[in-house]
Amino acid sequence: SHTSHDFTNPLTLLNASAQQGGVESGTRRKVKRLLSFQRYCHDSRLLRGLVPCAPGSLHFLDDDYLGQAAHMLSKVGTWNFDIFLFDRLTNGNSLVTLMCHLFNVYDLVHHFQLDMVKLHRFLGMVQEDYHSHNPYHNAVHAADVTQAMYCYLKEPRLAEQLSPLDVFLGLMAAAAHDVDHPGVNQPFLIKTKHHLASLYQNTSVLESHHWRSTVGMLRESGLLSHLPADMSQDIEQQLGSLILATDISRQNEFLLTFREHLDNQDLDLQLASHRHFILQIALKCADVCNPCRVWELSRQWSERVCEEFYRQGDLERQFDLEISPLCNQQADSVPLCFLVSEYLCFLYIKTSSSVIFSL
Ligand SMILES: Nc1ncnc2c1ncn2[C@@H]1O[C@@H]2COP(=O)(O)O[C@H]2[C@H]1O
Ligand SMILES: [Zn+2]
């Protein structure tokens with residue numbers, strides 16, 4: 001019943017970009033538009049590999065890969081979805097491709113009257129702003145969290161109460177929740193007197209930066225510029241509240257509130273504020289759910305997170321700083337973070353996500 005847009009097809013995009021001009025006509029404008037679209041194709045990581053970069057060059061990605069990626073999307077709501085394979089099949093565009101697909105599934109483009117070119121521009125910016133050199137906090141992690149979020153959103157008891165705005169916020173927050181992550185944690189930024197630490201007064205430093213960067217990209221892309229000002233402001237605020245909830249140091253605060261709601265049995269998903277709280281919990285679960293994936297996937301995430309911790313430890317050693325817990329590769333006979341955190345994450349997700357599902 002949903003409108004089907006083939007977001008991965010440059011021709012569809014070309015049509016979309018051609019349709020949106022409207023007011024001005026004539027050959028000059030058409031040529032201008034075409035040129036700007038070509039510049040967009042050239043710059044966009046989304047389309048890299050889908051359009052030839054130089055005359056006579058071959059497509060980097062053949063139809064077979066895209067066909068396999070499309071086939072994978074038919075199982076995007078399953079827990080053993082292999083995001084690493086999906087990322088390879090989409091030529092490093094897993095986040096953009098996944099988000100476009102999910103927006104299509106929920107008919108969000110139509111519902112919010114989104115301009116597809118602006119949507120692509122925004123998603124492309126978000127994906128690009130993740131650091132591909134980070135072993136863990138990169139765009140594949142964002143795509144992984146978004147896919148997990150989708151699994152939660154489609155749980156029947158939740159799904160039947162969620163509004164299109166809830167779904168939009170849940171997916172957007174998941175996709176952008178770690179954008180521009182530097183690959184080191186907050187204590188590192190504080191002790192090295194990083195400007196972000198002073199900007200955000202040593203509190204939720206990274207999360208505040210992820211949120212403000214997202215708002216910056218939303219405004220730059222103009223994605224929400226057609227909405228009434230109070231609505232786009234509300235979206236920005238709610239995205240902030242969701243992204244800030246991923247600050248792991250606020251874990252107890254959320255778990256206590258959650259426990260209170262469960263004890264009092266007073267969660268009412270018809271209330272927007274309660275749905276927002278569940279979205280916060282869902283995002284937090286999605287953020288640390290990787291140990292609950294099938295072993296082949298969870299092993300890769302654990303290796304990546306250890307590698308990122310160890311790189312921070314190496315930096316701390318190099319600059320004579322105290323080496324943070326779990327970051328000292330030389331002291332670990334086995335990767336300690338691997339064991340400890342797997343256990344902790346597993347425990348956390350076991351309790352929280354099972355509760356979301358049994359609301
Ligand atoms: N598999 C894992 N093993 C160890 N730590 C993890 C794992 N997955 C996530 N984490 C930690 O959980 C944290 C969640 O918030 P961050 O993204 O800031 O950083 C993440 C990691 O520090
Ligand atoms: Zn994260």
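Numbering of ligands and ligand atoms starts at 1, following listing order. For the single chain, residues carry numbers from 1 onward in sequence order. Small disclaimer: the values here were computed from a predicted structure and weren't measured.
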Inset, instruction - Could you list which atoms of ligand 1 come closer than 4.0 Å to a heavy atom of D178? - result: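 This gives 17 (O) as the contact atoms.
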Legend entry - Atom indices of ligand 1, in the order listed, that fall short of 4.0 Å to a heavy atom of F309: 22 (O)
Inset, instruction - Out of N290, D287, V288, indicate the one that has the non-hydrogen atom closest to atom 8 (N) of ligand 1. - result: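 Considering heavy atoms of N290, D287, V288, the nearest to atom 8 (N) of ligand 1 sits in N290.
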Inset, instruction - Would you mind finding which of V305, V145, I248 brings a heavy atom closest to atom 3 (N) of ligand 1? - result: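 Considering heavy atoms of V305, V145, I248, the nearest to atom 3 (N) of ligand 1 sits in V305.
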Legend entry - Face-on cation placement of R293 at W301 ring, 6.0 Å and 45° thresholds: no
Inset, instruction - Pick one of side chain, backbone, both or neither for how N185 approaches ligand 1, counting any non-hydrogen atom pair under 4.0 Å. - result: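 For N185, no heavy atom sits under 4.0 Å from ligand 1.
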Legend entry - Criterion side chain to side chain contact (heavy atoms under 4.5 Å, CB included) against T146, the qualifying member of I83, V76, L171: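 For T146, the side chain to side chain contact (heavy atoms under 4.5 Å, CB included) check succeeds only for L171.
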Legend entry - Positive for side chain to side chain contact (heavy atoms under 4.5 Å, CB included) with S94, one of L89, D87, L85, D144: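 When L89, D87, L85, D144 are each tested with S94, the side chain to side chain contact (heavy atoms under 4.5 Å, CB included) holds only for D87.
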Legend entry - Test item: H261 side-chain N/O and L267 main-chain N/O as donor-acceptor pair under 3.5 Å: no
Inset, instruction - Kindly say whether A245 contributes a backbone atom to a donor-acceptor pair with the side chain of E253 at under 3.5 angstrom? - result: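 Answer holds: no.
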Inset, instruction - Give the intermediate values and the outcome of side-chain contact (heavy atoms from CB on, under 4.5 Å) for residues F103 and M172. - result: CA-CA 10 Å; F103 268 49; M172 292 279 279; 3.9 Å; yes
Legend entry - Number of protein N/O/S atoms that sit closer than 2.8 Å to the Zn ion (ligand 2): 4
Legend entry - Step-by-step side-chain hydrogen bond (donor to acceptor under 3.5 Å, both in side chains) determination, H210 to D180: CA-CA 7 Å; H210 305 319; D180 199 29; over 6 Å; no
Inset, instruction - Please name the residue in the list Y130, Y136, F84 that meets the ring-ring contact (aromatic ring centres under 6.0 Å, His included) test with H141. - result: Y136
Inset, instruction - Decide whether the shortest distance between a heavy atom of H137 and an atom of ligand 1 is less than 4.0 Å. - result: yes
Inset, instruction - Check I323 against E316 and note the closest heavy-atom contact, atom names and distance. - result: CA-OE1, 3.4 Å
